[in-house]
Amino acid sequence: MSSRNFFAAARAFALVSLFTLSGFLASSGPVAALTGAATVRDGNSIQLGDVTYRLDGVDAPELDQVCIDDHADSWTCGIEARDQLAKLINKRTVRCDDVGPEKSFGKRHRAICTAEGDKASLNEQLIKLGFALAREPIKANVKPAAAEAKTAAVGIWKGCFVAPQDFRSGKKDGALLGAACRRDRDKEIRAVLFPEELTMPPSCSIKGKLAVRARVTGNIGIYHLRGCPSYPATTKPDRWFCSEDDAQAAGFRKAYNCRRPK
């Protein structure tokens with residue numbers, strides 16, 4: 001082969017390799033928009049296929065979070081928020097427009113999601129119903145809905161609760177929110193919102209404990225699976241999770257004694 005033919009072949013090979021690599025990188029990156037059947041993971045997380053999105057600008061109560069209603073009774077507001085989101089979707093196809101990575105929740109991405117036939121996004125509708133808060137800084141697309149829900153005292157706003165982010169971090173002195181909060185019952189209210197023994201939501205058996213030592217690995221806590229030596233010894237968990245993916249997205253790492261030996 002002449003030197004001219006050799007260099008021509010080498011150049012052609014390089015171009016093919018470049019295009020192949022570019023195609024691979026494009027396919028492995030985040031999808032700009034995804035449409036399909038939706039599985040509701042919690043009050044502000046939707047799974048389409050194998051991709052889980054958090055609703056952008058939305059922060060709903062966690063599945064294991066407790067709120068107080070307008071009759072001063074405790075209720076599982078996180079489960080109700082999840083169910084309300086499922087009702088909004090009503091088995092319709094959902095389109096989620098990816099707006100970027102969610103830094104606070106593992107590898108998940110934020111998205112604006114809309115059910116087939118709706119003009120308003122699920123993000124906006126859930127906040128307007130009062131089953132989620134608008135995350136700070138509040139975005140323009142959900143700001144009117146957030147103000148309306150708070151003024152009308154609908155959903156969780158009709159009772160008393162702490163912001164989901166305060167519940168997740170175990171901030172027991174966080175601000176009390178809602179129309180039914182009473183300043184003269186502060187201690188009693190906080191005892192209900194942060195019970196000593198948190199009730200396990202259905203099918204959510206993974207135990208989570210907030211732990212200072214977990215910060216070494218950039219986490220806020222440690223989770224324990226059934227069958228692990230640490231599981232029965234972990235009493236009064238701070239959180240309950242339905243899957244390892246949910247636990248990791250919340251900033252918890254797996255207990256070392258749960259890991260299989262290499």
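FYI, the numbering just counts along the sequence from 1.
- In this model, a donor atom of one side chain and an acceptor atom of the other lie less than 3.5 Å apart for Ser243 and Arg41.
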Inset, instruction - Please lay out, stage by stage, how Asp83 and Lys87 fare under the test salt bridge (charged side-chain N to carboxylate O under 4.0 Å, His left out). - result: CA-CA 6 Å; Asp83 293 346; Lys87 288 179 182 179; over 6 Å; no

Inset, instruction - For salt bridge (charged side-chain N to carboxylate O under 4.0 Å, His left out), just list the numbers for Arg239 and Asp64, CA-CA rounded to whole Å, side-chain angles, deciding distance to a tenth of an Å, and then say yes or no. - result: CA-CA 7 Å; Arg239 295 294 315 278; Asp64 51 351; 2.9 Å; yes

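- Distance alone, capped at 3.5 Å, places no donor-acceptor pair between the Arg215 side chain and the Ala211 backbone.
- Tracing side-chain contacts under 4.5 Å through hydrophobic residues (I, L, V, M, F, W, Y), one never reaches Ile127 starting from Val162; they form parts of separate clusters.
- Other residues, nucleotides and ligands place no more than 12 heavy atoms under 6.0 Å from the NZ atom of Lys150.
- In the hydrophobic clustering of this structure, Ile68 does not group with Trp157; members are Ile, Leu, Val, Met, Phe, Trp, Tyr whose side-chain heavy atoms approach within less than 4.5 Å, directly or through other members.
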Inset, instruction - Quick one: do Arg54 and Asp59 satisfy salt bridge (charged side-chain N to carboxylate O under 4.0 Å, His left out)? Show the steps, please. - result: CA-CA 9 Å; Arg54 279 183 60 83; Asp59 202 6; 3.6 Å; yes

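- Less than 2.5 Å separates the SG atom of Cys96 from that of Cys113.
- Residues Leu48 and Tyr53 have side chains in contact (heavy-atom distance under 4.5 Å, counting atoms from C-beta outward).
- Note on Ile79 and Leu129: separate hydrophobic clusters, where clusters join Ile, Leu, Val, Met, Phe, Trp and Tyr whose side-chain heavy atoms are under 4.5 Å apart, directly or indirectly.
- In this structure, a donor-acceptor pair under 3.5 Å is absent between the side chains of Asn219 and Gln248.
- Residues Ile220 and Leu198 fall into different hydrophobic clusters, defined by Ile, Leu, Val, Met, Phe, Trp and Tyr side chains chained together at heavy-atom separations under 4.5 Å.
- Side-chain N or O atoms of Asn44 include none that pairs as donor or acceptor with a backbone N or O of Leu55 at under 3.5 Å.
- Ile189 and Ile156 fall into different hydrophobic clusters, where Ile, Leu, Val, Met, Phe, Trp and Tyr residues are linked whenever their side-chain heavy atoms come under 4.5 Å apart, directly or through other members.
- Across Arg135, Arg110, Arg108, a single residue satisfies salt bridge (Lys or Arg N to Asp or Glu O under 4.0 Å) together with Asp56, and that is Arg110.
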Inset, instruction - For side-chain contact (heavy atoms from CB on, under 4.5 Å), just list the numbers for Leu122 and Ile112, CA-CA rounded to whole Å, side-chain angles, deciding distance to a tenth of an Å, and then say yes or no. - result: CA-CA 8 Å; Leu122 294 169; Ile112 297 174; over 6 Å; no

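- Atom NZ of Lys128 has 12 or fewer heavy atoms from other residues, nucleotides or ligands within 6.0 Å.
- Judged by a 6.0 Å distance limit and a 45° cone about the ring axis, Lys207 is not positioned over the six-membered ring of Tyr223.
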